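On a predicted model such as this, the values are computed, not experimentally measured, just so you know. Protein chains get the first letters and strands the later ones, always in sequence-line order, with residue 1 at the start of each.
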Amino acid sequence: MAKNFVTRDEDYSQWYNDIVIKADMAETSAVRGCMVIKPYGYAIWEMMQAALDKMFKDTGHVNAYFPLFIPKSFFSKEANHVKGFAKECAVVTHYRLKNDENGGGIIVDPDAKLEEELIVRPTSETIIWDTYRKWVQSYRDLPLLINQWANVVRWEMRTRLFLRTAEFLWQEGHTAHATKIEAEQEARKMLDVYAEFVENFMALPVRRGVKSENERFAGAENTYCIEALMQDGKALQAGTSHFLGQNFAKAFDVKFLSKENKLEYVWATSWGVSTRLIGALIMAHSDDSGLVLPPKLAPFQVVIIPIYRDDEQMLSVVQSAKKLKDLLVKHGIRVKLDDRDTQKPGFKFAEHEFKGVPIRLALGPRDLENNTVEIARRDTLTKEIISIDGIENIVIDLLNTIQSNLFNKALKFRDENTYEANSWDEFKDIIENKGGFVSAHWDGTSETELKIKEETKATLRLLPLDYGENEEAGKCIFTGKPSKGRVLFAKAY
RNA sequence: CGGGGUAUAGCGCAGUCCGGUUAGCGCACCUGCUUUGGGAGCAGGGGGCCGUAGGUUCGAAUCCUACUACCCCGACCA
């Protein structure tokens with residue numbers, strides 16, 4: 001176990017904070033509620049961005065950039081949208097500072113008040129749809145398939161690094177379509193893209209579903225989501241994809257002439273994932289020795305640590321280590337050679353272990369003599385000495401093994417912590433004493449959903465995609481009224 | 001926004017009740033020697049407007065007042 005590091009059992013939330021800080025991913029900043037993402041944390045984000053961006057491009061999307069500031073009047077055009085975000089908006093009211101004549105330092109110049117206040121975007125639907133109005137005239141202009149990588153601000157009272165901060169980084173896709181069916185398919189398609197990313201790259205299994213009316217995005221007709229289970233038994237929403245209907249098209253008057261020469265409103269979607277995924281990544285796989293990263297997202301997949309006693313040994317060992325690195329890099333592996341002479345090997349072992357590097361190779365004088373290398377895997381914390389011949393294939397295989405091992409472990413955990421509840425007592429017992437996902441019958445009303453939340457703190461995470469279509473009908477565990485099917489509850493982040 | 005707490009070196013803390021030498025400890029940092037296959041040892045060294053502003057006093061980290069910031073627990077959220 002790592003030094004000065006709390007275990008998950010002792011204090012899960014302290015454990016999480018310690019990983020973020022001690023693995024050098026992020027820290028709190030001088031600005032309330034905002035974090036500094038440090039190079040190692042940002043490198044993970046860049047890995048995520050690269051993978052997602054490719055998936056977006058492969059599904060026909062292109063990137064663009066829209067303004068950080070949104071005129072207040074735009075914001076109020078879609079009633080539900082304002083209602084959802086009004087409480088957490090940062091507002092720009094002035095555009096100039098000046099020196100205080102009374103010696104009070106720099107003050108806001110009261111003469112520089114903006115005619116119209118600007119909202120710092122909490123999401124960009126409004127500014128984007130105001131722009132799309134100008135871009136769309138004909139069905140020939142559709143579909144518009146655009147994504148933007150950006151920062152957004154939601155003024156949160158209580159924050160946690162990566163999981164909830166006032167400013168965060170994300171991507172938001174905003175698409176416009178000629179038909180309802182096409183927009184609905186787009187929203188579903190992007191949900192699948194997210195699920196595929198989280199499962200394949202983050203090695204984290206997800207449940208796909210639909211949000212209840214209560215949890216739906218402000219301004220959406222329908223919100224699809226993926227939910228993942230963390231090691232403490234709490235669910236985390238890993239991504240959302242919204243079918244926006246014609247709500248924003250109507251609010252911003254975005255119309256097109258159809259093939260039949262009829263003027264129609266366009267159909268919309270939006271979808272996003274954020275740096276919160278880094279929080280999910282940490283909580284899904286890490287252990288009491290620190291961060292554990294899936295090979296596909298690890299900034300370094302392999303770290304090589306040279307071991308030597310004197311300068312002469314250092315020379316030959318480091319030289320061999322460099323050759324080893326070059327060989328692995330040639331095979332497309334991300335490798336760090338930690339040849340710092342200022343730290344001892346033991347220190348480096350501990351450091352890279354804490355930072356979650358999937359594979360460690362240690363190379364010393366004995367290895368040079370015997371043509372061997374010590375190979376250690378982060379996910380199982382096991383190590384062995386192997387022949388260095390064909391090391392590149394062994395590493396490639398092991399990276400794949402680790403990736404699937406992490407997924408399988410997370411899947412097993414998820415399945416073992418998914419329960420069916422058939423009575424209210426059973427439901428309460430599972431939520432209070434076990435945690436995890438609870439599949440239960442529900443009468444379909446917001447009222448019941450809220451009461452369940454009030455009494456147990458569990459929220460309705462999702463309705464399965466085939467909700468209402470399957471044969472199993474039952475009675476709501478809370479009210480006993482008829483249910484169209486089981487839905488998933490959990491305590492959530 | 002409610003309830004509770006904290007503020008002293010880069011980080012973590014002691015000292016504060018009961019005012020009195022030059023404000024201390026651990027980690028980290030710097031220098032040297034010995035070390036190096038799982039977080040090295042010894043010796044020496046540097047670093048402080050004790051959160052801010054006022055007050056009481058011969059004298060304040062310590063007592064009083066106000067302010068500010070941060071943390072934890074609740075309601076909201078990706």
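Residue-level contact check: A:T123 touches neither bases nor backbone, having no heavy atom under 4.0 Å from any strand. Among the atoms of the strands shown, base atoms are found under 4.0 Å from some heavy atom of A:F168. Among the protein residues, A:D310 comes within range of no part of the nucleic acid, since none of its heavy atoms lies under 4.0 Å from any strand. Contacts of A:E353 with the nucleic acid, taken as non-hydrogen atoms under 4.0 Å apart, include base atoms.
Nucleotides of RNA chain B nearest to A:G346 and A:A492 differ in position, and the one nearer the 5' end is that of A:G346. Nearest-nucleotide assignment on RNA chain B puts the 5′-proximal partner with A:R360, out of A:E88 and A:R360.
Both distances falling under 3.5 Å, in either a Watson-Crick or a G-U wobble arrangement, occur for no nucleotide opposite B:G59.
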Give me, pair by pair, the N or O atoms of the protein and of nucleotides 67-72 of chain B that are less than 3.5 Å apart, along with how far apart they are.
from  : atom 1 : to    : atom 2 : distance (Å)
B:C70 : OP2    : A:R32 : NH1    : 2.9

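The side chain of A:E351 has B:G39 as its nearest neighbour among B:C77, B:G39, B:U36.
Dashed line: the shortest gap from a side-chain N or O of A:K87 to OP1 or OP2 of B:C76 is not under 4.0 Å. Under 4.0 angstrom from either OP1 or OP2 of B:C77 there lies no side-chain N or O belonging to A:R164.
Comparing B:C72 with B:U35, their P atoms sit 47 Å apart, to the nearest whole Å.
Ring centroid separation for the pair A:Y132 and A:H174 does not come in under the 6.0 Å cut-off.
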